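Have a look at the structure below, then the notes.
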Amino acid sequence: MEITIKIFRYNPEKDKRGHHEVYKVEGNENDRVLDILENIKGNHDGALSFRRSCAHGVCGSCGMRINGRNHLACKTLVRDIGAEITVEPLLGLKIVKDLIVDMDPFFENYKEMMPYFINDSPLPENGRERLQSPEDRARFDDTTKCILCACCTTSCPSYWANGNYYGPAAIVAAHRFIFDSRDEAASERLQILAETDGTARCHTAYNCTEACPREIQITKAIGEVKLAQVTGTLK
Amino acid sequence: MTKTHQFDVVVVGAGGAGLMAGLYASRTAKTAVISKLYPTRSHTGAAQGGISAALGNYEEDKPEWHTYDTVKGSDYLGDQDAIEFMCEEAVDAVLELEHMGLPFDRTPEGKISQRPFGGHTNNVTGKPVRRAAHAADRTGHMILQTLYQQCLKNKVNFFDEYQVLDFIMVNGKAAGIVAVELSTGELHIIHAKAVIFATGGHGRIFEVTSNAYAYTGDGAAILLRHGIPLEDMEFFQFHPTGIYKLGILITEGVRGEGGVLINGKGERFMPKYAPSVKDLASRDVVSRAIYTEIKEGRGVDGKNFVYLDIRPETVNKFAADDGRTNVDGSKYNLTAEQVLAKLPDIIDFCRVYLGVDPVTQMMPIQPTAHYTMGGIPTNKFGEVVIDDKNTPLPGLYAAGECACVSVHGGNRLGTNSLLDLVVFGKHAGLKAAEYANQSEFETLPNEAELSTKTQLETLKNGSGKENVFKLSNELKKVMFADVGIYRNEKDMQAALEKVRELKERFKDITVGDTGKIFNTELLNAWELGNMLEIAEVVAASALNRKESRGGHSREDYPERDDKNWLKHTLIWNKNGNLEIGYKPVMITKHQPKARVY
């Protein structure tokens, strides 16, 4: 089948502003959007630039806007979206070249969350694992799935409106530790998120949840963090 | 303008091995970690089923059993001192990950949960043992995230999206690396006392692979150019269960949870090939069994695939036949809910890429190029050793998939890759920092980046008669077809000639993108150069080894030949000519014997 794909192009070393280019290529319904981009890069225009690595939805490199919605190019198939495709860079982050955006602000927000395990209590005397019940483990399972692709944060209208907002992905990272029964720094993280640029900027638009290629219930996770802020408990 | 930085230790690669090395080296030495990807994009994140350690959280297990299973899995080519070391360290390594916060699944008592995996056995009964510590089917993802998070906590210096292009050696010692910053195209020299390569494998030289685009053998190819040999490059693992055509990995954990392989006639075929552990035989054995079924006309609909079946009714039927029970002796009874909870990611892959729901349908699978057993020769401290006497090259280290310790020998056991990168990443980091703290910086040569510049200019100035994408596809096709699961003299000779032809044609490529910012076209071309050089040594090493062992299966030499071939291959590229040598296998307790599962 013939696939028509319209791609946002911007080369900072040549172009004053971005534009779209249309390519018509042969493909089939099982093609990933990433396969089509590779085909164009390989056979039509080697300069086309985008990030990719794992090609099956676990590394988070190829987040982009596909037919207006954020998704991973490696996890979006022609059979899901049809043969008329528009591909553009994620919104809300500076465009560096073609489909590549500057991810630094995104990762800076992540790093603000103290996104690492904190427990300064002594280890079990026998040197073995800290025990955790299957129920306590399940409490934060959903948010351990995050691959930091930025699809959620860059689909959030509050983030578009105010780039200082930490954004959904950062809150997901905080949630993963706040609700881990072994971690001891929940209150610090809740404090960080209680500031102006924290959870208060979430207006439950649900865009994040819809954009997540890992199907994390992000709005729910943010709600749980908000509830913990209000009640002071982690139930 | 080339910018120069100075660090005691530089780690190249930020997957599990690189992060572990960075974490440990940075405790005592000024350390930088550079990677062509953002660290969390690394391929460690794609590992699914688990990391092995004889924790014995469900049933009796011992490091000695883990050692024996690994030696046997390696088809006796693994070095037993290194294997003993890794399996002894395994228990503390996995506990350390838990202490770093890794969210392992839990037993009812709250301990780390473990599952059966291929080749993991109770050495007394011969029955499968639960040794693979897991976090659902995204154990690698959790290891990568946890180690990166610990690096952030410990303020490790990262150079994200910097592609290594060269290694700097002065007076026979490591002196640093040259890299390009992708976002600017500027070259950087990182002047260092110790260099650790942790650049991963080279599975992208094969057409059907589970490996990431990034897996182009960069570190191994760079060192090969500097006269350092590579070890056991003929040994590459084909994982039995990749998604048909796409190669995406379906974890062995599926079979660990009771899944079985079914041929086109609807028969479970593994009992024919491995009567004792059946579907949980080691990977080389299962891949060959699948290939044999297909070759003898029992693929599905005459095509190159068979089915993997995790539907609860199938699992429970065969579990009853096999006498499999729960730990407490009760009847093994898998439910659809448990399948969804234990294997969520592979269910998702099947739904997305195949439109198949594994809870109610069988998954079409075929073997997929998966893991590089060979690589940069090291000892168990991660020191790169450059000859048959294991002489270290001062200041140079390697760990993880790019390295060959050798703990995997002819065939790696499932879950030992994650263990390898945690254990040897740590020791390479410790050893490199120790070395750096006792050493002075070598003086850099003038224009240490000169040969890098020349390499890049060459890529830009070819005639343009040839196309990188096309050459790359031709390479992958011939390697998968002729240097794949089954091999023979004639096909491998043809493959080697084809690779050499492609190397010649590669001189006629040109890079159309003349810019500096994210010139991914230039880097893809440079990576293809690495793949061609690596593919050549893989094919030449495979052609040279006239026996069948582990993942190296020759139709013309079907038996293992311990008399002539119980030895490691070393291969050098000397001014374009390949030279092959050998070094002995370290055998401690386990004398080679027939390998039966």
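Per chain, numbering begins at 1; letters A, B, ... match sequence-line order. Please read these numbers as outputs of a predicted model, since none were measured by experiment.
In this structure, CD on E521(B) lies 10.5 Å from CG on L459(B), to the nearest 0.5 angstrom. Note that CG of L475(B) is 11.0 Å distant from CZ of F506(B), once rounded to the nearest 0.5 Å. Atom CZ of residue F518(B) and atom CD1 of residue I100(A) lie 4.5 Å apart, to the nearest 0.5 angstrom. The structure places OG1 of T146(B) at 11.5 Å from CG of L23(B), a figure rounded to the nearest 0.5 Å. Between the CG atom in D218(B) and the CH2 atom in W526(B) there is a gap of 4.5 Å [rounded to 0.5 Å]. Within the model, atoms OG1 of T251(B) and NE2 of H134(B) stand 10.5 Å from one another, a figure rounded to the nearest 0.5 Å.
Contacts between H99(B) and chain A at a heavy-atom distance below 4.5 Å involve backbone atoms as well as side-chain atoms. For D102(A), no part sits under 4.5 Å from any heavy atom of chain B, backbone or side chain. For L249(B), no part lies near chain A; criterion is any non-hydrogen pair under 4.5 Å. Only the side chain of M103(A) comes within contact range of chain B, judged by heavy atoms closer than 4.5 Å. Both the backbone and the side chain of R41(B) come within contact range of chain A, with heavy atoms under 4.5 Å apart. Residue contact with chain A, scored on non-hydrogen atoms closer than 4.5 Å, involves the side chain of V91(B) exclusively. Within the 4.5 angstrom heavy-atom criterion, only side-chain atoms of P12(A), from C-beta onward, approach chain B. In this structure, the portion of N57(B) lying under 4.5 Å from any heavy atom of chain A is its side chain and not its backbone. When heavy atoms are compared at a cutoff of 4.5 Å, I248(B) approaches chain A solely by way of its side chain, counted from C-beta outward. Both the backbone and the side chain of R130(A) come within contact range of chain B, each with at least one heavy atom under 4.5 Å from a heavy atom of that chain. Interface remark: V352(B) contributes backbone and side-chain atoms alike to the contact with chain A (heavy atom separation under 4.5 Å). Contacts between M100(B) and chain A at a heavy-atom distance below 4.5 Å involve the backbone alone (N, CA, C, O). Proximity to chain A is absent for every atom of S42(B), based on heavy atoms less than 4.5 angstrom apart. Heavy atoms of R137(A) lying under 4.5 Å from chain B belong exclusively to its side chain. For E13(A), the part sitting under 4.5 Å from any heavy atom of chain B is the side chain, from C-beta outward, and nothing else. Both the backbone and the side chain of L55(B) have a heavy atom closer than 4.5 Å to some heavy atom of chain A. No part of P344(B) comes within reach of chain A, as not one of its non-hydrogen atoms sits under 4.5 angstrom from that chain.
Interface summary for chain B: among S61(A), G57(A), S49(A), the most heavy-atom pairs under 4.5 angstrom belong to S61(A). For the set T40(B), N467(B), I112(B), the entry with the most heavy-atom pairs within less than 4.5 Å of chain A is I112(B). Ranking D180(A), N30(A), N43(A) against chain B, the residue ahead of the rest is N43(A), based on heavy-atom pairs under 4.5 Å. Contact count against chain A (heavy-atom pairs under 4.5 Å) is highest for Y213(B) among F349(B), Y213(B), F469(B). Of all the listed residues (A138(A), P124(A), C54(A), P134(A)), the one sharing the greatest number of non-hydrogen pairs under 4.5 Å with chain B is P134(A). No other option in E161(B), K470(B), E96(B) has as many heavy-atom pairs under 4.5 Å with chain A as E161(B). If you tally non-hydrogen atom pairs under 4.5 Å between each of L182(B), L144(B), N524(B) and chain A, the highest count goes to N524(B). Of the residues considered (D183(A), N11(A), N119(A), I147(A)), I147(A) shows the highest number of contacts with chain B, using heavy-atom pairs under 4.5 Å. When M114(A), R79(A), R32(A), E135(A) are compared by the number of non-hydrogen pairs under 4.5 Å with chain B, R79(A) comes out ahead. Taking G45(B), G515(B), A136(B), S472(B) one by one and counting their heavy-atom pairs under 4.5 Å with chain A, the maximum is reached by G515(B). Ranked by heavy-atom pairs under 4.5 Å with chain B, the first of A173(A), C146(A), S133(A) is C146(A). Between chain A and the residues A46(B), A135(B), P103(B), the largest count of heavy-atom pairs under 4.5 Å involves P103(B).
At least one side-chain heavy atom of C149(A) sits under 4.5 Å from a side-chain heavy atom of L72(A). Residues I243(B) and I250(B) are in side-chain contact: their nearest non-hydrogen atoms beyond the backbone lie under 4.5 Å apart.
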Query raised in the report: E210(A) and R69(A): side chain to side chain contact (heavy atoms under 4.5 Å, CB included), yes or no, with the steps?
Result: CA-CA 9 Å; E210(A) 286 176 15; R69(A) 301 180 70 151; 3.5 Å; yes
Query raised in the report: Would E112(A) and R189(A) count as a salt bridge (charged side-chain N to carboxylate O under 4.0 Å, His left out) if you check the C-alpha gap in whole Å, the side-chain angles of each, and the deciding distance to 0.1 Å?
Result: CA-CA 9 Å; E112(A) 290 293 322; R189(A) 296 192 190 91; over 6 Å; no
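The distance between the ring centers of H175(A) and F140(A) does not fall below 6.0 angstrom.
When each of K145(A), R214(A), K75(A) is tested with D348(B) by the rule salt bridge (Lys or Arg N to Asp or Glu O under 4.0 Å), just one qualifies, namely K75(A).
Checked by atom type and distance alone, the side chain of S35(B) never pairs as donor or acceptor with a backbone atom of P39(B) at under 3.5 Å.
Note that R204(B) lies outside the cation-pi zone of Y215(B), set by a 6.0 Å cut-off to the ring centre and a 45° limit from the axis.
Aromatic ring orientation, H239(B) versus H370(B): perpendicular (interplanar angle above 60°, classes split at 30° and 60°).
Salt-bridge annotation for E108(A) and K111(A): present, with a side-chain N of the basic residue lying under 4.0 Å from a carboxylate O of the acidic one.
With no hydrogens or angles considered, no side-chain donor-acceptor pair links Y148(B) and Q150(B) at under 3.5 Å.
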